[in-house]
2 protein chains.
Amino acid sequence: MSEPSKSILDQMLCFEVYSTEHAFSRLYKSLLAPLGLTYPQFLVMILLWENDGQTVNGIGGQLGLESSTLTPLLKRMERAGIVLRKRDADDERRVRVSLTEAGDALRHEAKGIGTCVADATGMPEAELKALLLELRKLRNGLAAHNLAAD
Amino acid sequence: MSEPSKSILDQMLCFEVYSTEHAFSRLYKSLLAPLGLTYPQFLVMILLWENDGQTVNGIGGQLGLESSTLTPLLKRMERAGIVLRKRDADDERRVRVSLTEAGDALRHEAKGIGTCVADATGMPEAELKALLLELRKLRNGLAAHNLAAD
DNA sequence: TGCGATTTAATCGTGGACGATTTATTTTGC
DNA sequence: GCAAAATAAATCGTCCACGATTAAATCGCA
């Protein structure tokens, strides 16, 4: 009873990840609202700004999302006029997602967001970097375990 | 261009938190499925196993969830026969949530879950503990900023 | 005492997320 | 060259999450 067992620690860690995700989500919501974007939509935009015309699966692979999540999300973005969805002529199974002019223009409006978030953490860069690496290690561990379960 | 700016780092960090949360969520889903629980429901159960008969707001405060999230969630748990929802006789605005026998019994079936998750991380206890503290620091920073925005 | 302000849940609409399934297309194996 | 397998996206049902609003109960204060 004196020391917290590893399993309790783990429960706490999972909850911490869960609630940190909520905190990030709330922060991004307020920053992204003026652009009319949600956080997952913003992630898609980052990928497209970097490399336009990707397929649904390509985007999903990078974000870890299924087509059942992405298809409706991309349709909302299409309705908002920031992306286009078009069947690939060479392989009609694929749908390629590309930026409209409005979508491309959003890139400039999104410039300030990163620094806002960085400031909000209130932590020095080195510490954030270390945290990033530790989290990546954790996620890789979990992902390996998730794969092994199949 | 040579060094990653703090804002890019931050974007990566946020994404890392986001996807680590997904990885945890997937892992817990497979562990909790035999108990018929989702992860947020499991969090509610942990609170009730610790302290039965809490109010909706009391639970929400600890988990950072709104009544608009909890009410339907608790109704599903009630339908599943693991909790009861009852208006407080002293203050009829409050709804008290308590465990049924079946809900209490689940506690034993959930025993092994923590160690499973701890093993899945593949990381030593000390490292997990340090990560927990860093994440808490980050979350507190973000939460402070979220509050200040009001 | 009684009325306005506050507190507590519940409701509604929107958006994310997943698994299972379906449909269409392409690849492969023979 | 064609049937079977594999791949890509979409669809459906369920659940989580939030903000805004509503309804009911309680509190507080004049």
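Taking 3.5 Å as the limit, the base of D/dA10 and the side chain of A/Ser67 contain a donor-acceptor pair of atoms between them. With hydrogens and angles ignored, a donor-acceptor pair closer than 3.5 Å exists between the side chain of B/Arg93 and the base of C/dT7.
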Apply the test side chain to side chain contact (heavy atoms under 4.5 Å, CB included) to residues A/Glu78 and A/Leu74: give CA-CA distance (whole Å), side-chain angles for both, the deciding distance (0.1 Å), then the verdict.
CA-CA 6 Å; A/Glu78 189 175 39; A/Leu74 291 169; over 6 Å; no
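In this entry the distance linking CD of A/Gln41 with P of C/dG16 reads 4 Å, nearest Å. A/Leu63 has its CG atom 13 Å from the C1' atom of C/dG16, to the nearest Å. Separating the CD atom of A/Gln54 from the C1' atom of D/dA8 is a distance of 16 Å, rounded to the nearest angstrom. We find that CG of A/Asp88 is positioned 13 Å from P of C/dT25, with the value rounded to whole Å. Atom pair A/Glu21:CD and C/dA17:P shows a separation of 8 Å (rounding to whole Å applied). Regarding A/Leu73, its CG atom lies at a distance of 10 Å from the P atom of C/dG15, rounded to whole Å. Rounded to an integer number of Å, the gap from CZ of B/Arg96 to C1' of C/dA9 is 14 Å. Taking atom OH on A/Tyr39 and atom P on D/dG19, their separation rounds to 18 Å, with Å as the unit.
Ranking D/dC18, C/dG19, D/dC16 by closeness to the B/Arg76 side chain, first place goes to D/dC16. Among the nucleotides C/dG19, D/dG19, C/dA17, the one closest to the side chain of B/Ser68 is D/dG19. Listed nucleotides C/dC18, C/dT25, D/dT26 differ in distance to B/Glu92; the shortest reach to its side chain belongs to D/dT26. Of the candidates C/dA10, D/dC16, C/dC18, the closest approach to any side-chain atom of B/Val95 belongs to C/dA10.
Regarding contacts with the backbone of C/dA10, a side-chain N or O of B/Arg85 is found under 4.0 angstrom from either OP1 or OP2. Between A/Tyr18 and D/dA17 there is a side-chain N or O to OP1 or OP2 distance below 4.0 Å. OP1 and OP2 of D/dA9 both lie 4.0 Å or more from every side-chain N or O belonging to A/Arg94. Listed pair B/Lys75 / C/dT11 meets the phosphate criterion, a side-chain N or O lying under 4.0 Å from OP1 or OP2. For C/dA17, the OP1/OP2 oxygens have no side-chain nitrogen or oxygen of B/Ser25 closer than 4.0 Å. Applying the 4.0 Å criterion to OP1 and OP2 of C/dA17, one finds that A/Thr69 has every side-chain N and O outside that range. The phosphate of C/dT7 (OP1 or OP2) has no side-chain N or O of B/Asn57 nearer than 4.0 angstrom.
Classification of B/Glu92 and B/Arg87 as a salt-bridged pair fails, no side-chain N sitting under 4.0 Å from a carboxylate O.
Nearest-nucleotide positions on DNA chain D place A/Val56 closer to the 5' end than the other of A/Val56 and A/Lys29. Nearest-nucleotide assignment on DNA chain D puts the 5′-proximal partner with B/Arg79, out of B/Ala89 and B/Arg79.
Nucleic acid contact for A/Gly64: sugar-phosphate only, since backbone atoms but no base atoms lie under 4.0 Å from a heavy atom of the residue. Within 4.0 Å of B/Leu70, counting heavy atoms only, lies no atom of the nucleic acid at all.
Under a 3.5 Å cut-off, the side chain of B/Gln62 and the backbone N or O of B/Gly58 do form a donor-acceptor pair.
Under the 4.5 Å side-chain heavy-atom criterion for ILVMFWY residues, no single connected hydrophobic cluster contains both A/Met45 and A/Leu84.
Rounded to the nearest 0.5 Å, atoms NE2 (B/His22) and CG (A/Leu142) are 13.0 Å apart. In this structure, the separation between CD on A/Glu16 and CZ on B/Phe24 is 10.5 Å, given to the nearest 0.5 Å.
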